[in-house]
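Step one of this worksheet: look at the structure below.
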Amino acid sequence: MLASAVAGSAWAQTLHTDVGSGNIDSRIYKDGDKWVEEMTGSLPGARNLKVVTDMGSVTVVGANQPNVTFVIRKRTHKGGEQTARKLFQAFAINVVRKADTVYVEGEWQGPQKMRSVSTDFTLTVPRELTIGKVETSGGSVDMRNLAGQAFAATAGGSITLDQIGGAVRAETSGGSIDVGAVGGDAGLSTSGGSIAARDIKGRLLAETAGGSIEVGTVGNGAVLNTAGGSIQVSRCDKDLHAETAGGSIQVGKVNGGVVLVTAGGGIHLESATGPVRAETAGGGLKLLNLTQGVRAETAGGPIFAEFLGRGKFTDSHLETQAGDIIVYLAPAMGVTVRGVVDLGDGHWVKSDFSELRVTTEGGNWGPKQIFVEGSINGGGPVLKLHTTNGNIEIRRGKK
């Protein structure tokens, strides 16, 4: 390893700090086939942090310490030491504390054709930081163990956030977003990657133009949207809206209303305490442990729905163009049933409830239709069942 100290004039061009910032060291050395400039230093602690850089990955970690410490490394594989020094000087870095904010700025000042420097910033900050903001035009962002809010944006890299006490916002134009524990709301957006959010205490807004969305638990409702991928949610307190233009949707427990829409895939819902709307252009629907009304529709697949008979059951409609409909009704439910099979030849309707009448029409000069109608436990909200080409089963639930 070849190491040499950076001259004072060169240092002044690449790093500026305010008076009384503390000890600052810099060195240039050879690491394999690359030259590296490493800058280390510290500043008095502040309540806020703002990092803005034209390039480079950024890591921000909260710790039990009063000051802000940093390690900044520039790397290049171009030429010898003198060439490396010139390239390093072309990427100016300013570190300064103003009022109650620490600013870290990186600006490329050389010709674009010479932009052959890679950079990474590692900052250790007081955990009780109020607001941390990071913006990079080319690199990943990693922020963790912060008591306050965290905001991350990159034009070309992944974003990782974890152990954040307040709200978070993450935006990337070309990478995935991975979020762990967040104590507030979360807004996550990527133009080309997947999104994972494991434990969001507040409200979650997640959107991707090309990837899957995977969610663990959400404490205050969620709106999820992807233009090309599957959606999976383990638990959501309050309302959930999930929509994809091409993938399956799988949802666990929802304490609220649910809207699930996909243009191509199946839908599976374990339970919901509010009203449910489920729509797919190509796949089956499985809706379990339902307490309120449901509107479910598929252009090609079966529908399975289980009603518990608790909560405020309202008028419901289940419809498929090609598939069976199987419904489980709680024994004590008051409901009025109206069902029809359009192409009845070769199909049937079965019911566990003697109150329901099954009749047929047609068959001599056209398709036979099968109808099922009646009131269970004195009737109530209307449950409509409609399949163009399939069977209908109405079963007595165990609950």
Side-chain angles (χ1 to χ4, degrees), residues 13-16 26 28 31-41 48-61 68 70-79 83-96 101-125 131-144 146 150-162 164 168-179 186-196 206-211 227:
Q13 295 179 38
T14 58
L15 181 66
H16 302 279
S26 174
I28 290 180
D31 183 12
D33 63 345
K34 293 183 179 181
W35 286 95
V36 180
E37 179 181 20
E38 181 180 273
M39 296 169 284
T40 60
N48 307 310
L49 171 71
K50 185 173 183 179
V51 180
V52 180
T53 177
D54 288 342
M55 59 182 174
S57 61
V58 181
T59 299
V60 178
V61 180
V68 175
F70 59 87
V71 178
I72 302 171
R73 296 184 181 91
K74 305 176 188 177
R75 296 179 175 86
T76 185
H77 62 276
K78 293 289 186 179
T83 300
R85 287 179 180 275
K86 291 180 180 180
L87 290 172
F88 292 153
Q89 291 176 27
F91 185 44
I93 295 176
N94 298 323
V95 181
V96 62
T101 301
V102 170
Y103 295 89
V104 180
E105 300 172 343
E107 180 182 6
W108 177 257
Q109 299 178 341
Q112 289 300 312
K113 65 180 180 179
M114 294 178 60
R115 192 167 172 170
S116 56
V117 175
S118 63
T119 310
D120 61 77
F121 300 76
T122 301
L123 298 102
T124 304
V125 301
I131 299 176
K133 294 184 178 181
V134 174
E135 298 177 19
T136 175
S137 297
S140 61
V141 178
D142 188 338
M143 304 177 72
R144 61 187 66 236
L146 302 175
F151 303 92
T154 174
S158 62
I159 296 177
T160 302
L161 305 171
D162 195 10
I164 308 297
V168 303
R169 186 171 71 244
E171 299 178 5
T172 172
S173 298
S176 61
I177 299 176
D178 190 307
V179 179
L188 314 176
S189 177
T190 172
S191 298
S194 60
I195 296 177
E207 181 176 10
T208 172

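Just so you know, these numbers come straight off a predicted model, no measurement behind them. Quick note: numbers below take in every heavy atom, side chains included, and nothing from hydrogens, waters or symmetry partners.
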Minimum-distance pair of heavy atoms, taken over all atoms of Met143 and Ile164: O-CD1, 3.9 Å

Can you name the residues that form a side chain to side chain contact (heavy atoms under 4.5 Å, CB included) with Glu105, not counting sequence neighbours? Asn94

How long is the span from the CG atom in Asn48 to the NZ atom in Lys133, to the nearest 0.5 Å? 8.5 Å

Student check: side-chain heavy atoms of Val104 and Phe70 closer than 4.5 Å: no

pair Val125-Leu146: side-chain heavy atoms closer than 4.5 Å: yes

Gap between atom CD of Glu107 and atom CE of Met55 - 0.5 Å precision: 10.5 Å

Student check: side-chain heavy atoms of Arg115 and Asp54 closer than 4.5 Å: yes

How close do Thr154 and Gly139 get, counting heavy atoms only, and between which atoms? OG1-O, 2.6 Å

Assess the residue pair Thr119 and Ile72 against the criterion (side-chain contact (heavy atoms from CB on, under 4.5 Å)); give the C-alpha distance rounded to whole Å, side-chain angles, the decisive distance to 0.1 Å, and a yes or no. CA-CA 7 Å; Thr119 310; Ile72 302 171; 4.1 Å; yes

Strictly distance-based, threshold 3.5 Å: is any side-chain N or O of Thr136 a donor or acceptor partner for the main-chain N or O of Ser57? no

Side chain to side chain contact (heavy atoms under 4.5 Å, CB included) with Ser194: which residues, sequence neighbours excluded? Ser176, Ser212

Rounded to the nearest 0.5 Å, how far does CZ of Arg75 lie from CG of Leu87? 15.0 Å

Non-neighbouring partners of Arg144 that pass salt bridge (charged side-chain N to carboxylate O under 4.0 Å, His left out), sequence neighbours left out: Asp142

Option from Leu123, Leu161, Val68, Val141 for which side-chain contact (heavy atoms from CB on, under 4.5 Å) with Val60 holds: Leu123

Please tell me if the side chains of Ile93 and Lys74 come closer than 4.5 Å, counting only heavy atoms from C-beta onward. yes

If every non-hydrogen atom of Ala227 is compared with every non-hydrogen atom of Ala209, which pair is closest and at what distance? CB-O, 3.5 Å

Straight-line distance of Asp31 CG to Arg73 CZ, nearest 0.5 Å: 9.5 Å

Taking only residues two or more places apart in sequence, or in another chain, which ones meet Asp178 in a side chain to side chain donor-acceptor pair (under 3.5 Å)? Arg198

Kindly compute the distance separating OG (Ser189) from CD1 (Ile177), expressed to the nearest 0.5 Å. 6.5 Å

Distance (rounded to the nearest 0.5 Å) between Lys50 NZ and Phe151 CZ: 11.5 Å

Worked check of side-chain contact (heavy atoms from CB on, under 4.5 Å) between Thr53 and Val58: CA-CA 9 Å; Thr53 177; Val58 181; 4.3 Å; yes

Got a donor-acceptor contact below 3.5 angstrom from the Thr190 side chain to the Gly175 backbone? yes

For Ala84, all residues meeting side chain to side chain contact (heavy atoms under 4.5 Å, CB included), sequence neighbours excluded: Trp35, Thr76, Phe88

Sorted by chain and number, sequence neighbours left out, side chain to side chain donor-acceptor pair (under 3.5 Å) with Arg169 holds for none

Ala155 and Ser137 have their tightest heavy-atom pair at CB-O, 3.5 Å

